[in-house]
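Remarks on the structure that follows.
Every heavy atom of this structure was used, including side-chain atoms; hydrogens, water molecules and symmetry mates were not. Values in this document were obtained by computation on a predicted structure and should not be read as measured data.
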Amino acid sequence: MSVYLTQLAIFIGVVVAGTAVIWVLQQRRSPQSALAWILFILAVPFLGVPLFFTLGVRKWAAGYSPMRYQGSGEVPELHPLDGKLRRLGVPPATDGNRLVYEFTPGEARDAICDLIAGAEARIDVILYRLETDAEARHFLAQLANAARRGVRVRLILDGIGTWRRPHKALKVLQKAGGEVHIFAPLVQRLATVRMNLRNHRKMLIADGRAVWSGGRNVGNVYQGPPGKFPRWEDVSFTLRGPAVQRFCEVYEADWEKVSHTRDRWPEPVPPVEDGTALVQMVGSGPDHDNDALHDALVHAVHTSEHRVWIATPYFLPTDDLNHALALAARLGRDVRILVPVRSNQPLADFARGAYLRELHEAGCKVLRYRGGMMHGKAMLIDDIAWTGSANVDVRSMFLNFEIALMIYDPEHVAALARWFSGLEAECMPGIKPARLPRRLAEATFRLGAPIL
């Protein structure tokens, strides 16, 4: 009997390993990434197979329905990159928007408070992290007050990003009438192939007319008062105008994922009379057919003529993006990569070393921000810019649900460039030399990076 059980176990193991290999080959990956996974699965199947189904699944295997945007009619291209993004399934750019950046925690806090206080019908929120501190509790209390005055409040929190969350304050919000859902709770992740997929989007939409979004979550380090604790350098924005409609559509799709109900599509946002921003919302993640944000950035870097400036807390680029940056620097473009001296993720700091050294040697200017944690995400390529929730790393480009805003008009691109230049003044140029053992360790880690 034991012989038959052993043979059955071997048969099941072969089938499962073979299935995992087929999934690897069906997904869009670099040859190095696919080979790394296949070798791992075949060499150590009892470890490689469960890790692949836990960490290696992306796009179609994740089981999410593709994002579908409402039609926009025939509208002319407003920028060459606008046209390319449309061909990748991104909604068209729109002008006549009003865009205001928040470069300080106080500005971000005021923007959030104003949107909540002024909402009349609904407030829709999605966050990757909601801290357990005073600022997060204040935020939830504001939402609860809005719910009590008759505003429909919907809140989505990512299951991994908010595994620690202010439960009492959330219960008060629910008691006041607010609706709260956890995106892919841990139990659900363990029971499916979605363990490695995170909803990293951040936005608050008021009445479908204004959206607050960007790199910030909610907590003391993002919006808290000065003096009591370190506050992170970051950038967020408030947007009004026709582009808000696209954020609403993304939110409704996310709400359907967690509530399993679909509300009617929101009505288009009336134009803003004094808006001067020319922008384009770009969503990405397992609910989008293409990797539009990543592919558009790689193309834009390859075709750049003057500058490529990057600000990101975690730098672990894809092979395509890394090659594009190195080539741009060798061709004489002004390539700058701004990262914190130390982030809140020591492993990510270690992992970035091999990439930064290679790009530094190619002619890129590495800037290490020494004013504390730099959590902002932005990129300036010639006359365009973008900012949003995505980091410049493999996870944000290929795995997470993300949202970004492409910016095409000179006024708002210049404002983001001034923010970047202000951070640069607080930076140490270059990368700290490393001895051979560290270089070997970084190179070894880089060999495993494609396994993502």
Side-chain angles (χ1 to χ4, degrees), residues 102 105-188 199-214 216-225 236 238-240 244 247-267 269 389 403:
E102 296 110 30
E107 291 172 344
R109 191 179 201 268
D110 291 344
I112 291 173
C113 292
D114 289 346
L115 288 179
I116 295 175
E120 298 177 353
R122 73 175 195 265
I123 299 173
D124 301 323
V125 185
I126 184 167
L127 294 170
Y128 176 67
R129 288 188 64 84
L130 177 65
E131 304 293 347
T132 58
D133 53 34
E135 189 62 32
R137 293 192 296 273
H138 172 72
F139 171 76
L140 291 174
Q142 289 181 292
L143 292 180
N145 289 336
R148 293 187 189 99
R149 68 173 189 265
V151 177
R152 185 185 184 189
V153 176
R154 298 186 294 177
L155 174 62
I156 303 173
L157 301 173
D158 182 77
I160 289 181
T162 58
W163 70 275
R164 291 182 66 249
R165 46 188 177 267
H167 291 280
K168 291 183 179 179
L170 286 168
K171 288 180 180 178
V172 170
L173 171 60
Q174 290 176 300
K175 187 175 181 180
E179 303 167 68
V180 180
H181 282 283
I182 306 301
F183 188 95
L186 183 58
V187 174
Q188 177 185 329
N199 198 322
H200 198 242
R201 294 165 180 159
K202 300 105 170 159
M203 53 182 166
L204 184 155
I205 308 171
D207 294 333
R209 296 177 179 273
V211 60
W212 174 87
S213 188
R216 287 185 171 93
N217 294 286
V218 172
N220 284 342
V221 295
Y222 304 104
Q223 297 93 14
S236 56
T238 300
L239 180 71
R240 292 176 171 83
V244 176
F247 287 84
C248 294
E249 292 169 359
V250 170
Y251 189 90
E252 293 302 335
D254 282 353
W255 184 254
E256 183 179 5
K257 294 181 186 71
V258 296
S259 68
H260 307 293
T261 60
R262 177 183 283 279
D263 286 6
R264 67 181 180 85
W265 286 104
E267 297 296 327
V269 178
S389 66
I403 200 160

Name of the residue among I156, V211, L127 meeting side chain to side chain contact (heavy atoms under 4.5 Å, CB included) with M203: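 It is V211, the one option of I156, V211, L127 that forms the side chain to side chain contact (heavy atoms under 4.5 Å, CB included) with M203.
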
Distance (rounded to the nearest 0.5 Å) between [X] [atom1] and [Y] [atom2]:
X: T162; Y: L170; atom1: OG1; atom2: CG; result: 8.5 Å
X: I403; Y: I126; atom1: CD1; atom2: CD1; result: 8.5 Å
X: E249; Y: F247; atom1: CD; atom2: CZ; result: 11.5 Å

Would you check if the side chain of [X] reaches a backbone N or O of [Y] as a donor-acceptor pair within less than 3.5 Å?
X: N199; Y: D158; value: no
X: S213; Y: K202; value: yes
X: R137; Y: T132; value: yes
X: Q142; Y: A117; value: no
X: N220; Y: D133; value: no

What is the minimum heavy-atom distance between [X] and [Y], and which atoms define it?
X: A146; Y: I116; result: CB-CG2, 4.3 Å
X: D124; Y: E252; result: OD2-OE2, 4.5 Å
X: A169; Y: L140; result: CB-CD1, 3.5 Å
X: L130; Y: A136; result: CD1-CB, 3.8 Å
X: A176; Y: A147; result: O-CB, 3.6 Å
X: C248; Y: R122; result: SG-NH2, 4.1 Å

Between [Y] and [X], is there a side-chain heavy-atom distance shorter than 4.5 Å?
X: I160; Y: Y128; value: yes
X: E135; Y: R109; value: yes
X: F139; Y: Q223; value: no
X: T238; Y: E102; value: yes
X: L204; Y: V218; value: no
X: E107; Y: S236; value: no

Qualifying side-chain hydrogen bond (donor to acceptor under 3.5 Å, both in side chains) pairs with a residue from residues 172-181, counting only residues at least two apart or across chains: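 The answer is R152-E179.
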
No-hydrogen, no-angle side-chain donor-acceptor test under 3.5 Å, Y222 and N217: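 Yes, because at least one side-chain N or O of Y222 sits under 3.5 Å from a partner of the opposite role on N217.
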
Contacts of N145 that satisfy side-chain contact (heavy atoms from CB on, under 4.5 Å) - sequence neighbours left out: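 side-chain contact (heavy atoms from CB on, under 4.5 Å) list for N145, sorted by chain: R148.
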
Over 12 foreign heavy atoms within 6.0 Å of CZ, R164: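 At most 12 heavy atoms, drawn from other residues, nucleotides or ligands, come within 6.0 Å of this atom.
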
